[in-house]
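Written below as structure tokens is the structure these notes are about.
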Amino acid sequence: MPSYPHLLAPLDLGHTVLKNRVLMGSMHTGLEERGDWNRVAEYYAERARGGVALIVTGGMAPNAEGGVFPGAAGLYTPQDIANHRQVTDRVHAEGGKIAMQILHAGRYAYGPDCVAPSAIKSPISPFKPRPLDEAGIEKQIADIVLAAARAQQAGYDGVEVMGSEGYFLNQFLCAATNHRRDRWGGDYANRMRLPVEVVKRVRETVGPDFIVIYRISLIDLVPGGQSFDEVLRLAHAIEAAGASILNTGIGWHEARVPTIATSVPRGGWAWVTRKLMGKVGIPVITSNRINTPELAEDLLAKGAADMVSLARPFLADPEFVTKAASGRAREIAPCIACNQACLDHTFQGKISSCLVNPRAGHETELNYTPTDTPKRIAVVGAGPAGLMAALVADQRGHDVTLYEADARIGGQLNMARIIPGKEEFHGLVEWFSTMLGASRITLHLTTRATPDMLLGYDDVIIATGVIPRDPAIDGQTAPHVLRYTDVLRNAAPVGARVVVVGAGGIGFDMAEYLAHQGPSATLDLPLWQREWGVTDPALAPGGLAPNGPQPTPSARAITLVQRKPGRPGKGLGKTTGWIHRASLAAKGVTMLGGMTYKRISAEGLVVERDGAEQTLPADTIVLCTGQDPLRDLADVLPQAHVIGGADVAAELDAKRAIDQGARLAASL
Ligand code: NAP
Ligand code: SF4
């Protein structure tokens, strides 16, 4: 049984002791803005109960102009203090500690009142910021310091000053965003004046017995980013100004390098934190794509950092630490770094939750309470919807039988997991398997349930999933036309020139799969860094390789097409779609919209586009044209509950399937 001695070792900060080396990193929840502070408190309390040493809240604005969007949560009024007090009281009652992140967005503030060192618009915002004068800068410092003082009044154990990710303080540090000629701009000593001054005045205000974390941008990943010498200078100055801990920030939000997506190698940025180890006298935290206790332990054991920050993994499983500490690490629900229910929700103005754990952010309304009336429940289909329904029903005390036609569980997850860059899906299927093993569920594999078999149950849940949609293109029965399922099952060879028909999530995955050759970059950090043009910030400022990205050439000539006008990929995840588009573009995949499919010939796909007919040459045509519900059973069992793709196939994803399965089982 792994014991994680480094991970579970306490950390003495002098005035206080952290009980282990795990920090829950800051994440926007979307709850504070809705005003239900009981719900906010329960969200954090559940994570404190799970054993994390120190929680950092989502970013709180120090003033209106610094909010990430108009109306973003902050700490400016006496009522704010009372609200935040609910959170700190509940976390402390669970034996936890919590620091409030002070986030001034600068030119990333999504509103016309945004302010910055210079009037330079960000490429990811439509708003040109107002440059601050001397008095304006003093006001920002005063507001940040006041927010820290109010955080202390509200009972927080500390604050995290957000100095990375391209936000306000980071904008002063880089010459590309700071064109000032006064004492706040020009050479690096001037450019770092603001963050250092902020930390100094925060420390003076809160006194010595309060945690002050500074989130330092160790690798900016933007042109004109800081050199590592500059980063080191800043780290020393921030330490001297009174910070207790340095937390790692990786990349600006406008960087064209993925930093937390599922295709980023696990622990793929810890090497940057390690560069700081031994250079400062305060603890250093590493961050990004750390999602198992084994990896966290390994990083700490190898001296990459003094602490690890995990953020999304605490959405997937609030009990990450207690499970690791009690020999139940395999039961930790894994964060697969998909962003689908957390960051994508944030950008859509929704509450942050988790694909793997639909309770995240919904702790006060979705609970798997023991049932008073245990029932016999049959679940048909062991894809994500059926698995989650079965597990929740079992957890609540029902007697569950799960039927699966395939020889293994996982459904569509088994297709996702073989796409290069989606290796995290292996862990999700393994977790479902572990949890089934630990449950009382009776599992029948290789068993296609019939209506007769489902007689006598109190409830029947149909989660039979989907079948590929027939696009009815003339000539599609030719042998060189394959469905995506045939390709992923290696049922037939695929030629050198391929047209992928349908550019949804599966079309993009298919293009990635067919373009791929050699090892997956997600499992090979140096290769991944070459592909995305990342280098040591000690060699090139900002950590961008001077020769740019060096993608591995595509294994095939691939054209990805859709009928909708415009460039394919607009419907992909808000925070990850650009990565898929950029990855395919780098490999030379042609992406075309506005097609009318006329027929398939021996030469390829005949299309009409802009009124002209043409043939897209192909040796193989792969159909990825969406899915339809598989409803054979559902149609003959009208009283059954139907969930997942069997219910609605359009825009199906594992997030909806798992959420629907959990909510149904919680209600039975
Ligand atoms: P989708 O996102 O609905 O995309 C279907 C594609 O096929 C679209 O490009 C659509 O574009 C085209 N299409 C739809 N009906 C068609 C028809 N009758 N004839 C020709 N083309 C048609 O579906 P998907 O790609 O199957 O992905 C479904 C979901 O699964 C996604 O939301 C994703 O999150 C998830 N996903 C699953 C996997 C997996 O391995 N299981 C992998 C990635 C994503 P036009 O109508 O413009 O042609
Ligand atoms: Fe992780 Fe995806 Fe859950 Fe976000 S939604 S916490 S990325 S598993």
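Just so you know, residue 1 is the first one in the sequence shown, and it goes up from there. Note that ligands are numbered from 1 as they come in the structure, with each ligand's atoms numbered from 1 the same way.
Contact atoms of ligand 1 toward D509: 42 (C), 43 (C) (distance under 4.0 Å to a heavy atom of the residue). Atoms of ligand 1 lying under 4.0 Å from any heavy atom of Q412, numbered from 1 in the order shown and given with element: 41 (N). With ligand atoms numbered from 1 in the order given, ligand 1 contributes 19 (N), 20 (C) to contacts under 4.0 Å with heavy atoms of P471. Counting the atoms of ligand 1 from 1 in the order shown, those under 4.0 Å from a heavy atom of G626 are 5 (C), 7 (O), 23 (O), 26 (O). Heavy-atom contacts of A416 reach the following atoms of ligand 1: 40 (O) (cutoff under 4.0 Å). Contact atoms of ligand 1 toward A503: 6 (C), 8 (C), 9 (O) (distance under 4.0 Å to a heavy atom of the residue). Every atom of ligand 1 with a heavy atom of Q627 under 4.0 Å away is listed here by number and element: 26 (O), 28 (C).
Checking side-chain atoms of N20 against main-chain N and O of G51 turns up a donor-acceptor pair under 3.5 Å. A side-chain donor-acceptor contact under 3.5 Å links T620 to the backbone of G495. In this structure, R312 contributes its side chain and I260 its backbone to a donor-acceptor pair below 3.5 Å. With hydrogens and angles ignored, the 3.5 Å screen pairs a side-chain donor or acceptor of S353 with a backbone N or O of A360. When atom types are taken as modelled, the side chain of Q476 and the backbone of D474 share no donor-acceptor pair closer than 3.5 angstrom. Side-chain N or O atoms of S433 include none that pairs as donor or acceptor with a backbone N or O of V429 at under 3.5 Å. Using a distance-only test at 3.5 Å, with no hydrogens or angles considered, a donor-acceptor pair links the side chain of R656 to the main chain of V648. Side-chain atoms of R215 come within 3.5 Å of backbone N or O of T248 as a donor-acceptor pair. Panel note: side chain N291, backbone P313; no donor-acceptor pair is recorded below 3.5 Å.
Among all protein heavy atoms, the one lying closest to atom 21 (N) of ligand 1 is T625 CG2, 3.3 Å. The single protein non-hydrogen atom nearest to atom 33 (C) of ligand 1 is L652 O, 3.8 Å, given as residue, atom name and distance. The protein heavy-atom contact nearest to atom 10 (C) of ligand 1 is K564 NZ, 4.0 Å. Given atom 6 (C) of ligand 1, the protein heavy atom at minimum distance is C624 O, 3.6 Å. Closest protein heavy atom to atom 1 (P) of ligand 1: G504 CA, 4.1 Å. Among all protein heavy atoms, the one lying closest to atom 14 (C) of ligand 1 is R469 NH1, 3.1 Å. For atom 22 (C) of ligand 1, the nearest protein heavy atom (residue, atom name, distance) is R563 NH2, 3.4 Å.
Looking at Q562 next to ligand 1, no N or O pair under 3.5 Å apart turns up. The N/O atoms of D470, backbone and side chain alike, include none that comes under 3.5 Å of an N/O atom in ligand 1. At least one N or O atom of G505, backbone or side chain, sits closer than 3.5 Å to an N or O atom of ligand 1. The shortest N or O to N or O distance between I506 and ligand 1 is under 3.5 Å. Taking any N or O of D653, backbone or side chain, none lies under 3.5 Å from an N or O belonging to ligand 1.
Between the side chains of E365 and H362, at least one donor N or O sits under 3.5 Å from an acceptor N or O. Counted by atom type alone, T575 and N339 present one or more donor-acceptor pairs between their side chains at under 3.5 Å. Side-chain atoms of Y43 and E32 form no donor-acceptor pair, as typed in the model, at a separation below 3.5 Å. S583 and E512 share a side-chain donor-acceptor pair at under 3.5 Å.
Using cut-offs of 30° and 60° on the angle between ring planes, the pair F320 and F314 is tilted. Aromatic ring pairs are classed by plane angle as parallel below 30°, tilted from 30° to 60° and perpendicular above 60°; the pair Y167 and H253 is perpendicular.
With a heavy-atom cut-off of 4.0 Å, K422 touches ligand 1 through its side chain alone. Using a 4.0 Å cut-off between heavy atoms, M595 makes no contact with ligand 1 at all. If you look at A472 next to ligand 1, there are no close heavy atoms at all, none under 4.0 Å.
Ion pair E424/R266 flagged as a salt bridge, since at least one NZ, NE, NH1 or NH2 atom sits closer than 4.0 Å to an Asp/Glu carboxylate oxygen. The pair E608-K598 meets the salt-bridge criterion, with a side-chain N (NZ, NE, NH1 or NH2) lying under 4.0 Å from an Asp/Glu carboxylate O.
There is a protein heavy atom closer than 4.0 angstrom to atom 46 (O) of ligand 1.
Of the residues V52, N247, T286, the one that meets the side-chain contact (heavy atoms from CB on, under 4.5 Å) test with L23 is N247.
Protein nitrogen, oxygen and sulfur atoms, that is N, O or S, within less than 2.8 Å of atom 3 (Fe) of ligand 2 amount to 1.
Distances shorter than 4.0 angstrom do not occur between any heavy atom of F508 and any atom of ligand 1.
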